[in-house]
Enquirer: 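Structure incoming, see below.
Given the structure is predicted, the values throughout are model-derived calculations rather than measurements. Order of the sequence lines sets the chain letters (A, B, ...), proteins ahead of strands, with each chain counted from 1.
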Amino acid sequence: MNKIKVYNTLTQKKEEFIPRKEGEVSIYVCGVTPYSDAHLGHARPSVVWDVIRKYFRSRGYKVTLVQNFTDVDDKIIVRSQETGIPALDISGKYIEEYLRDMDELGVERADFYPKVSEHITEIVELVETLVEKDHAYSANGDVFFHVASFPEYGKLSKQKLDELRQGTRFEVDPNKRDATDFALWKSAKEGEPAWESPWGQGRPGWHIECSAMSLKYLGEGFDFHGGGNDLIFPHHENEIAQSEAATGEPLASYWVHNGMVNLKDTKMSKSIGNVITVGRLIEKHSKELLRFYLLSTHYRTELEYYDGKIEEVSKGWKRLNDAVSNLQESLSNADSGELSEKDLAVLDVLHDFEQEMEVAFSDDFNTARVLGILFEMVREINVYKHNRGTHEKVLQKACDLFQLYGSDILGIIQLEKANQDGLVDSLLDLVVELREDLRKDKNFGLADKIRYRLADLGITLEDTPQGTRWKV
RNA sequence: GGCGGCAUAGCCAAGCGGUAAGGCAGAGCUCUGCAAAAGCUCCAUUCCCCAGUUCAAAUCUGGGUGCCGCCUCCA
């Protein structure tokens, strides 16, 4: 088996993956702040990690995936104050929507979805530890992490403390000892959600929840920490500082960051407002198509979105799916018996493709490369059938590969016929049969009319030497 | 200003030292009553520019140029 290599933001190199615990993979992916609809920029990491997780599973690993919800946050509080709706109701609603959207994208649910609001105790304990160890200090009900107390600060984002101080663009909180210090705990203001703590009523700062919750669910030094590359600084940098200052152990072994989704060369972002929501896309496109689009570029590269992009991509996607569904059809009346030389040769090639896909997946999860190989496989199998190849072993092998890589791991192939009930099936079979008679009588006018009218209804008829087939 | 990343055909996109995968679009052809699907052929002497290292560079080094992200909430 190929060794799995992963690009680690921390070392800026591809490294061989060595699990913390033999046969197991632990993953923490930064989730969303639930105060508005999920958009493509949220879909990307979810789909990418869904694929990574499924790939690991195919390699026999037991995977634990944690994705948090930051449901205590300024934005949510502001929205709550504007609308009068309790903050947790707002976040609760968007959490539900987020989960539903991800379901619609075929993303398997994480093992844990911890929320800040349900982990205040753990967070307070972690802050206390940091205060005890002199990595944090309290001032007027706030608690700050003292960045200078952690010499390795900046190791993830490659920043120098001095440069960061100069880069400070906003007014520095007078309670801070140093401009780069950041809040672990914020004292309560009027009308804000607040919890009891040793420093009075207050709430957690950003960053600290991920440290507390990853520690709780995955322990020290878990395998992967993921998220968008916009989180590298300050979020992940601060997580590292807090967690490692508290435990003395590395937070995670591999830091994996996905590239942004851009709209007109600009990052898609809630605060900019240039957002394409998942809900809107899923209305128009199948989850397999959307995943195909998201996975057609390597996860670390920026991904461009524009109107019509999905439609463009869909043509290639259709070729892949058509090939697979035609393949399944051929399989239902395949031959067994002795394998010819031609059969053996194709079987060989398929075996090579399998190896190549393994190489591609294990080389930093190169899904774009896998897609390329899948298309090469499409040609190979189409040529095989074109040359009247019909052996069950060959067709089955191809089917298995499409199933494993295209469907089980990538989730880009619709394997089950988009199905309706049996009545539609039999009615269409009847129509096809009647039309067959018309064609035999050379009544092409009527036969074509049937085909056009069905096309209007979204049903495609294809006349092949083996008879007519229909597709929805 | 600091840090990180990217630049490959009309478009999308692999490639990571051994002589340019794949998809879309386009051109021609085969099959076919016509369509569709499928197949075949063609479509980057060249990888932003300039130096250098090497027998060999899209791939490494140095210097430019352009774009993106982060330094403020962000996937």
Enquirer: What residues from residues 260-272 of chain A pass a heavy-atom cutoff of under 4.0 Å to RNA chain B?
Expert: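 Going residue by residue through residues 260-272 of chain A, the ones with a heavy atom under 4.0 Å of RNA chain B turn out to be A:Met260, A:Val261, A:Asn262, A:Asp265, A:Thr266, A:Lys267, A:Met268, A:Ser269, A:Lys270, A:Ser271.
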
Enquirer: For B:A44 and B:A14, measure between their C1' atoms and round to the nearest Å.
Expert: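 The same atom, C1', in both gives a distance of 15 Å.
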
Enquirer: Indicate, yes or no, whether a donor-acceptor pair under 3.5 Å links the base of B:G39 to the side chain of A:Asn387.
Expert: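 Counting by modelled atom types and ignoring angles, no donor-acceptor contact under 3.5 Å is found here.
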
Enquirer: For nucleotides 4-13 of chain B, read 5' to 3', which letter fits each nucleotide if B means a protein heavy atom sits under 4.0 Å from the base, S means only the sugar-phosphate is that close, and - means neither?
Expert: SS------SS

Enquirer: Apply side-chain contact (heavy atoms from CB on, under 4.5 Å) to A:Tyr306 and list each qualifying residue two or more places apart in sequence or on a separate chain.
Expert: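 Per chain and number, A:Tyr306 pairs via side-chain contact (heavy atoms from CB on, under 4.5 Å) with A:Glu304, A:Lys309, A:Glu312.
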
Enquirer: Any chance the rings of A:Tyr153 and A:Phe145 have centres within less than 6.0 Å?
Expert: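 Aromatic pair excluded; centres sit 6.0 Å or further apart.
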
Enquirer: Would you give me the side-chain donor-acceptor pairs under 3.5 Å for residues 352-359 of chain A, sequence neighbours excluded?
Expert:
from	atom 1	to	atom 2	distance (Å)
A:Glu354	OE1	A:Lys397	NZ	2.9
A:Glu356	OE1	A:Arg369	NH2	3.0
A:Glu358	OE1	A:Tyr55	OH	2.7
A:Glu358	OE2	A:Tyr405	OH	2.7

Enquirer: Does anything in residues 435-443 of chain A reach RNA chain B, meaning a heavy atom under 4.0 Å, and if so which residues?
Expert: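 A:Arg435, A:Arg439, in order of number.
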
Enquirer: Side chain to side chain contact (heavy atoms under 4.5 Å, CB included) with A:Lys471: which of A:Asn321, A:Leu461, A:Asp322?
Expert: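 Of A:Asn321, A:Leu461, A:Asp322, side chain to side chain contact (heavy atoms under 4.5 Å, CB included) with A:Lys471 is met by A:Asp322 alone.
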
Enquirer: For residues 252-261 of chain A, which residue pairs pass the salt bridge (charged side-chain N to carboxylate O under 4.0 Å, His left out) check, not counting sequence neighbours?
Expert: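 Found none.
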
Enquirer: Rounded to the nearest Å, what distance is computed from the CG atom of residue A:Leu446 to the C1' atom of nucleotide B:G33?
Expert: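 That distance rounds to 15 Å.
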
Enquirer: Starting from the C-alpha separation in whole Å, work towards a yes-or-no answer on side-chain hydrogen bond (donor to acceptor under 3.5 Å, both in side chains) for A:Tyr94 and A:Asp71.
Expert: CA-CA 10 Å; A:Tyr94 286 109; A:Asp71 66 345; over 6 Å; no

Enquirer: Per the side chain to side chain contact (heavy atoms under 4.5 Å, CB included) rule, which among A:Leu430, A:Leu446, A:Leu454, A:Asp463 passes with A:Arg435?
Expert: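 When side chain to side chain contact (heavy atoms under 4.5 Å, CB included) is applied between A:Arg435 and each of A:Leu430, A:Leu446, A:Leu454, A:Asp463, only A:Asp463 qualifies.
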
Enquirer: How about A:Ser253 and A:Asp223: does a side-chain donor come under 3.5 Å of a side-chain acceptor?
Expert: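 There is no such pair between these side chains.
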
Enquirer: With Watson-Crick and G-U wobble geometry limited to distances under 3.5 Å, how should the secondary structure of RNA chain B be encoded in dot-bracket form, using | for bases paired to another strand and [ ] for crossing pairs?
Expert: ((((((((.[[[..)..(...]]].(((((.......))))).....[[[[[..)....]]]]])))))))....

Enquirer: Using side-chain heavy atoms (C-beta onward) and a distance below 4.5 Å, is A:Ser269 in contact with A:Met260?
Expert: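 A side-chain contact under 4.5 Å is absent here.
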
Enquirer: Which of residues 27-44 of chain A sit near RNA chain B, with a heavy atom under 4.0 Å from it?
Expert: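 Here the set is A:Cys30, A:Gly31, A:Val32, A:Thr33, A:His39, A:Gly41, A:His42.
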
Enquirer: Using atom CZ of A:Arg451 as one end and atom C1' of B:U32 as the other, report the distance to the nearest whole Å.
Expert: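 Between C1' of B:U32 and CZ of A:Arg451: 10 Å.
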
Enquirer: Please give, in whole Å, the distance from B:C71 P to A:Asn238 CG?
Expert: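 Interatomic distance, CG of A:Asn238 to P of B:C71: 11 Å.
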
Enquirer: For nucleotides 36-38 of chain B, which of its nitrogen or oxygen atoms have a protein nitrogen or oxygen under 3.5 Å away, and what is each distance?
Expert:
from	atom 1	to	atom 2	distance (Å)
B:A36	N1	A:Asp463	O	3.2
B:A38	O3'	A:Asn382	ND2	3.1

Enquirer: Tell me, please, which residues at least two apart from A:Arg280 pass salt bridge (Lys or Arg N to Asp or Glu O under 4.0 Å).
Expert: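 A:Arg280: salt bridge (Lys or Arg N to Asp or Glu O under 4.0 Å) contacts with A:Asp307.
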
Enquirer: Under 6.0 Å between the ring centres of A:His119 and A:Tyr217?
Expert: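 Between A:His119 and A:Tyr217, the centre distance is under 6.0 Å.
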
Enquirer: For the atom pair CG (A:Leu295) and OG1 (A:Thr367), what is the distance rounded to the nearest 0.5 Å?
Expert: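 Here the interatomic distance stands at 4.5 Å.
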
Enquirer: List for me each residue that meets salt bridge (Lys or Arg N to Asp or Glu O under 4.0 Å) alongside A:Arg469, sequence neighbours excluded, and say none if there are none.
Expert: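 Salt bridge (Lys or Arg N to Asp or Glu O under 4.0 Å) check on A:Arg469 returns A:Glu329, A:Glu462.
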
Enquirer: May I ask you to list the residues of residues 107-116 of chain A, by number, that have any heavy atom positioned under 4.0 Å from an atom of RNA chain B?
Expert: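 Nucleic-acid contacts, sorted: none.
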
